[in-house]
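Since the structure comes first, as structure tokens, the remarks are kept for the end.
Chain identifiers are assigned alphabetically (A, B, ...) following the order of the sequence lines, protein sequences preceding nucleic acid strands; residue numbering begins at 1 within each chain. Worth knowing before you read on, the calculation uses all heavy atoms, side chains too, and leaves out hydrogens, waters and symmetry mates.
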There are 2 protein chains.
Amino acid sequence: MHDVARVAGVSIKTVSNVINDYPHIRASTRQRVLDAIDELGYIPNVAARNLRSGRTGAIGLIMPDLRHPYFAELADDVMRAAARHGLVVLIEQLTGDRQQEIEVLRGWRPRATDGVLYSVLNLTQDDVGMLDVPVPLVLLGDRIFNGPTDHVTIQNTEGARAATEHLIALGRRRLLVLGAHEREVVGSAGLRLEGYRQALRGAGIPYRDELVSYVDRWHRADGAAAMRGMLARGVEFDGVVAFNDSLALGAMRVLQDAGRRVPDDVALIGFDDVDETRYSQPTLSTVDPGRAEIAERAVEMLVERMGPGGKDLPPREVPARFKVVPRESTTVRHL
Amino acid sequence: MHDVARVAGVSIKTVSNVINDYPHIRASTRQRVLDAIDELGYIPNVAARNLRSGRTGAIGLIMPDLRHPYFAELADDVMRAAARHGLVVLIEQLTGDRQQEIEVLRGWRPRATDGVLYSVLNLTQDDVGMLDVPVPLVLLGDRIFNGPTDHVTIQNTEGARAATEHLIALGRRRLLVLGAHEREVVGSAGLRLEGYRQALRGAGIPYRDELVSYVDRWHRADGAAAMRGMLARGVEFDGVVAFNDSLALGAMRVLQDAGRRVPDDVALIGFDDVDETRYSQPTLSTVDPGRAEIAERAVEMLVERMGPGGKDLPPREVPARFKVVPRESTTVRHL
DNA sequence: GGGATGGTTTTCAACGTTGTAGACTGACGG
DNA sequence: CCGTCAGTCTACAACGTTGAAAACCATCCC
């Protein structure tokens, strides 16, 4: 920067002003500085800028690992949205371990960014205190309500309810659930289960616990294992509400191995609308939770909070628009 | 840090020394400092540290977007490997635009990290000059050879050849190729095509251009479209070598829609061994290019280069071990 | 002509840390 | 008793940038 200043014949502060688009600069001066920058191939030192200005130009994204297609696609959406605001995204993966999650929040990373997007996983209402971090924070997803922060929520209950109603509309009555979590109430699993129950209630179908499969993790392998367990126990069912697409796809595979036709014998619906659902055999009906909108809004809200006066905004909660996406796995062929 | 020093009754430099594990510190002093740090909840300022020390603790990962399951899984592997070395990963996505790719390399991001992992996409041998960046660089994948940098390579030719031979061993002779790139020689597509040709040659099967489907991008949708095109043209084939799993899965879906049985009518093999291949219907045979090993080795090599004397190491090229993973899409059922 | 005005540029200090070099301390050998 | 030495600790400056405030400089108006 000193070199640039010397070449352009100005002070380093003027170079700084040019770089930062300070308005009151004579056009000719600006041009001389820009030329000098070009000539010398000068690139600002990020660390020094961060140190002096207190902002890093980066936001953190704390989420479960990228192996989940949903989170990979969410990360992609977030990175694109952030790029539109000139921000870089630092991804921090959660292992599913509650202790690690708390350490991540308490750790230095949040302080190395201007703000944090946090796709909550293992924390509960009791952990609200944990969210009292010194940087702007926006939550994605579910779990903690009445927190001190902004929150872009997936409409878990409403979405699961709509998914379940979709199966009921096909005439299915014995509806398996994949992905429930024991004793959980405020997480995705708990909320989606509630949606399922609401739909049953609405249709006058009794809720039966034997149809609920408790699955901790939501990978394909878990869906496959859960379905194998159900089949082994000889449970009868003609529809499956899976709490995410991976579970649904893992389960579908097992169903087909067992000779059940999808959707004829068993109709199947997932949750998340990952790209993969468009290419499975059969294609998977699912609930689009509004992922792109979630990323977009979350970044926007974070940017607002990072801006001047952002600290004084009251906590906001924005529900994303969801919609049921019917595909082949719930489309009974006309024979 | 000043506060910590005051509370512990030492100079700030001693605090710094404790934090950085400087060996010559009296145990009692260290303890007093640690206690003070704890008491005050002190966290080092990353920007200041970066500025003073010249290192950022971050490495860049330049790659195509995370929507490709292969790259999402690779990013995950890289992040885990980096974490083991105490490094953070900054992901930069490529759009597929050659100009953007050059800008990314020329841009400030590489300079904001201690080193860069670069999963080459659109550059060719002619662009070797572009790689002359001021930070340590390790290439992942293919494309540029005899570059000035370290290079962890996928065994594209050998892998594709083994995949093709796998189909030939099943007795298939009319082998479709999905994912070739026009006139390309040194990229994944070119190298994999070469492997395909080698396998045909080895088996005395003539190479026929009508069986080669040129597909620019390698998403599921592209595989589906390519396969639709082939079917529309009435090309006859009994096996498909797809240059990645997404292409294969997209194509498989179209094949099944068209009433072709996989693998009975058409055997199908992909490339990458993404998780999804284990759950498709039927499961997809593929080539495991050694992704975990690639991430691991690449980070290791980058760390070596970032260390003292790293600049003087000669460029190294490490081929990853690959292996064919046979699954149902190439396992003819015994009827 | 002098002061007010507003655009343009500069000076100065500071952000929080670490590298360098040196100061202090006690133990030890001569 | 002094010099040496290893082990500990500290003073100081510097990393490259930007915020605050002041200086400069035309222009304009009374």
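- Counting only heavy atoms from C-beta on, A/Asn17 has its side chain closest to C/dT9 among D/dT18, D/dT10, C/dT9.
- Nucleic acid contact for A/Ile25: sugar-phosphate only, since backbone atoms but no base atoms lie under 4.0 Å from a heavy atom of the residue.
- Looking at A/Gln155, its side chain does come within 3.5 Å of a backbone N or O of A/Ala320 through a donor-acceptor pair.
- Taken to the nearest 0.5 Å, the CE atom of A/Met306 stands 9.0 Å off from the NE2 atom of A/His85.
- Of the candidates A/Met63, A/Glu101, A/His151, A/Tyr118 forms a side chain to side chain contact (heavy atoms under 4.5 Å, CB included) with just one, namely A/Glu101.
- At least one donor-acceptor pair under 3.5 Å links the side chain of A/Asp65 to the backbone N or O of A/Arg67.
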Which atom pairs link the protein and nucleotides 12-14 of chain C when you take only N or O atoms and keep those under 3.5 Å?
from: C/dA14; atom 1: N3; to: A/Arg52; atom 2: NH1; distance (Å): 2.9

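- The overall bend of the helix from C/dG1-D/dC30 to C/dG30-D/dC1, read as the angle between its terminal helix axes built from five base pairs each, is 60° when rounded to 10 degrees.
- The phosphate of C/dT18 has OP1 or OP2 within less than 4.0 Å of a side-chain N or O from B/Ser16.
- For the segment residues 28-40 of chain B, no residue has any heavy atom less than 4.0 angstrom from an atom of DNA chain C.
- Proximity of a side-chain donor or acceptor of B/Arg55 to a complementary backbone N or O of B/Asp114 within less than 3.5 Å is not detected.
- Here the side chain of B/Glu73 pairs a donor or acceptor atom with the backbone of B/Asp275 at under 3.5 angstrom.
- In this structure, A/Asn20 reaches the sugar-phosphate backbone alone: every heavy-atom distance under 4.0 Å involves primed, P, OP1 or OP2 atoms, never a base.
- We find that CZ of A/Arg55 is positioned 14 Å from C1' of C/dC15, with the value rounded to whole Å.
- With B/Glu92 contributing its side chain and B/Gly60 its backbone, the two residues share no donor-acceptor pair below 3.5 Å.
- Comparing C/dC15, D/dA11, D/dT8 against the side chain of B/His24 picks out D/dT8 as the nearest.
- Counting non-hydrogen atoms under 4.0 angstrom, A/Tyr22 reaches a base of the nucleic acid.
- Nearest to the side chain of B/His2, among C/dT17, D/dG16, D/dT18, sits C/dT17.
- Contact detail for A/Asn50 and B/Ala47: the closest heavy-atom pair is CB-CB, 3.5 Å.
- One N or O on the side chain of A/Gln93 and one on the backbone of A/Leu66 form a donor-acceptor pair closer than 3.5 Å.
- The phosphate of D/dT18 has neither OP1 nor OP2 within less than 4.0 Å of any side-chain N or O from A/Ser53.
- For D/dC9, neither phosphate oxygen OP1 nor OP2 lies less than 4.0 angstrom from any side-chain nitrogen or oxygen of B/Ser11.
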